[in-house]
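Below: one structure, written as structure tokens.
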Amino acid sequence: MIALQAAATLALGLLLATPAAAEPVALTFDDLPVFGALKPLPEQTAITRKLLAELVRHHLPAIGFVNEINLTGDDQPARVALLTRWLDAGMDLGNHTYSHPSLTHTPVADYIGDTADGDAVTRPLLAARGRSERWFRYPYLETGPTLEIRRTFEDWLAGHGYRVAPVTLENEDYLFADPYDAAVKAGDRRRAKAIRAEYLAYTAAVVPWYRSAALALLGRRPALVWLLHASRLNADSVDALAKIIRANDLDPVTLDAAMTDPAYLQPDDYAGPNGIEWLERWSLTLHRDLPWASMPKVPADIRGESDALDDEPGEHGVN
Ligand SMILES: [Zn+2]
């Protein structure tokens, strides 16, 4: 009898120790065709080719959010061809506004106009493949300073067939991406390698933080939507990011698949000037705190260098 009880206790212990089923994760890349200050076309092409080849090699579905302002200029057809590469690689494309304005600082009528201008190129590319453009990502995650403004804009979005792509996982990749670009541009390989190592260490620490924060907040593991940027840093990091995804037992899926999770039907009534991600929005709605004190910190050297680069003329620190 005692042996039987011991066996039952052991079996229960094993059951509890078994990792929970992997939660889905959708990778989303902002600021297409390529993040950061406008780079020469050959550089943009190399970054896009590498990013997509690595995503395909690792069987990672993704969606890219486009700022069509970055497709203008003499070489517009060649820059548009970078978007075609995304579709050829089996990825999706969405609208990130035309010129990356902030809804906190832009009148909503102008913001709607900018968003309407943001799919002139992308929508026909999708339509030529029998697909439609369905996803919108807010620049800076700023969803409007008042609920009235937010509802005005989101009513327009819904009327034009768009859904908002939320963010429930982020690794502040844009803070590392500019210093990495600067090191590569300066030919400083050692610094570039060091920045990449800091980026991956931070990512390896912050992904489990988001997973456990989401579990604590919702009592279950929701599908995650990961905000990244179409940067040189990420093109050079997919292999290591794939390892982090595997180490966390995450299941890479499309954004459409992740968004079938009922977590995304919860109310989010946040209105305010700050661009915050969706776990924080839900924590406000549910009146439950997130464990901010245990959140990993971006290294001070990266934060300092990123701020300094943002202040340089010609740089526009978009995210
Ligand atoms: Zn952006």
Side-chain angles (χ1 to χ4, degrees), residues 26-39 44 47-48 51 55 62-72 79 82-83 86 91-106 108 110-122 133-145 150 153-154 157 162-181 199 203 225-235 237 241 255 273-278 280-281 298 302-303 306-307 309-312 314-319:
L27 304 188
T28 69
F29 290 86
D30 284 11
D31 299 5
L32 263 61
V34 173
F35 169 86
L38 196 63
K39 294 173 180 62
Q44 288 201 334
I47 290 167
T48 303
L51 179 60
L55 290 172
I63 180 168
F65 286 94
V66 184
N67 296 124
E68 293 195 2
I69 192 173
N70 292 328
L71 303 174
T72 47
R79 291 192 201 267
L82 299 177
L83 300 186
W86 278 75
M91 310 299 170
D92 202 357
L93 293 173
N95 188 337
H96 192 36
T97 73
Y98 177 75
S99 68
H100 213 277
S102 149
L103 186 49
T104 303
H105 302 294
T106 308
V108 67
D110 295 349
Y111 193 88
I112 287 172
D114 199 87
T115 305
D117 290 344
D119 63 15
V121 173
T122 311
E133 196 167 0
R134 306 159 329 283
W135 294 104
F136 172 80
R137 163 70 48 73
Y138 280 103
Y140 315 102
L141 307 186
E142 289 172 357
T143 55
R150 184 169 175 192
F153 178 63
E154 292 189 358
L157 274 185
Y162 280 112
R163 273 185 82 186
V164 172
V167 171
T168 40
L169 171 59
E170 63 172 321
N171 57 339
E172 312 277 2
D173 68 320
Y174 65 99
L175 292 177
F176 296 83
D178 279 338
Y180 185 75
D181 269 342
Y199 171 55
T203 303
V225 179
W226 189 343
L227 169 62
L228 293 154
H229 291 78
S231 63
R232 184 196 323 261
L233 174 63
N234 281 328
S237 303
L241 294 175
L255 179 60
N274 300 327
I276 58 174
E277 41 75 358
W278 268 248
E280 188 171 357
R281 289 162 187 269
V298 172
I302 297 295
R303 213 170 256 289
S306 174
D307 286 350
L309 286 167
D310 264 358
D311 291 341
E312 278 182 19
E315 291 284 340
H316 36 262
V318 296
N319 67 78

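Everything numeric in this text was worked out from a predicted model, so none of it was measured. Whatever order the structure lists them in is the order used to number ligands and atoms, beginning at 1. Side-chain atoms are counted along with the backbone in the values below, which use heavy atoms only and exclude waters and symmetry mates. The chain is numbered in sequence order, starting from 1.
Ring orientation note: the planes of Y199 and F176 are tilted relative to one another, at an angle of 30° to 60°.
Nearest heavy-atom pair, T104 versus P273, reported as atom, atom and distance to 0.1 Å: OG1-O, 2.9 Å.
Between N234 and H229, the side chains place no donor N or O within less than 3.5 Å of an acceptor N or O (distance only, hydrogens not considered).
Shortest distance from the Zn ion (ligand 1) to D31 is reached at OD1 (N/O/S atoms only).
Residue H96 counts as close to the Zn ion (ligand 1), with an N, O or S atom under 2.8 Å. Among the backbone and side-chain atoms of D30, none of the N, O or S atoms lies under 2.8 Å from the Zn ion (ligand 1).
Taking D119 as the reference, R123, Y162 meet the side-chain hydrogen bond (donor to acceptor under 3.5 Å, both in side chains) condition, with sequence neighbours excluded.
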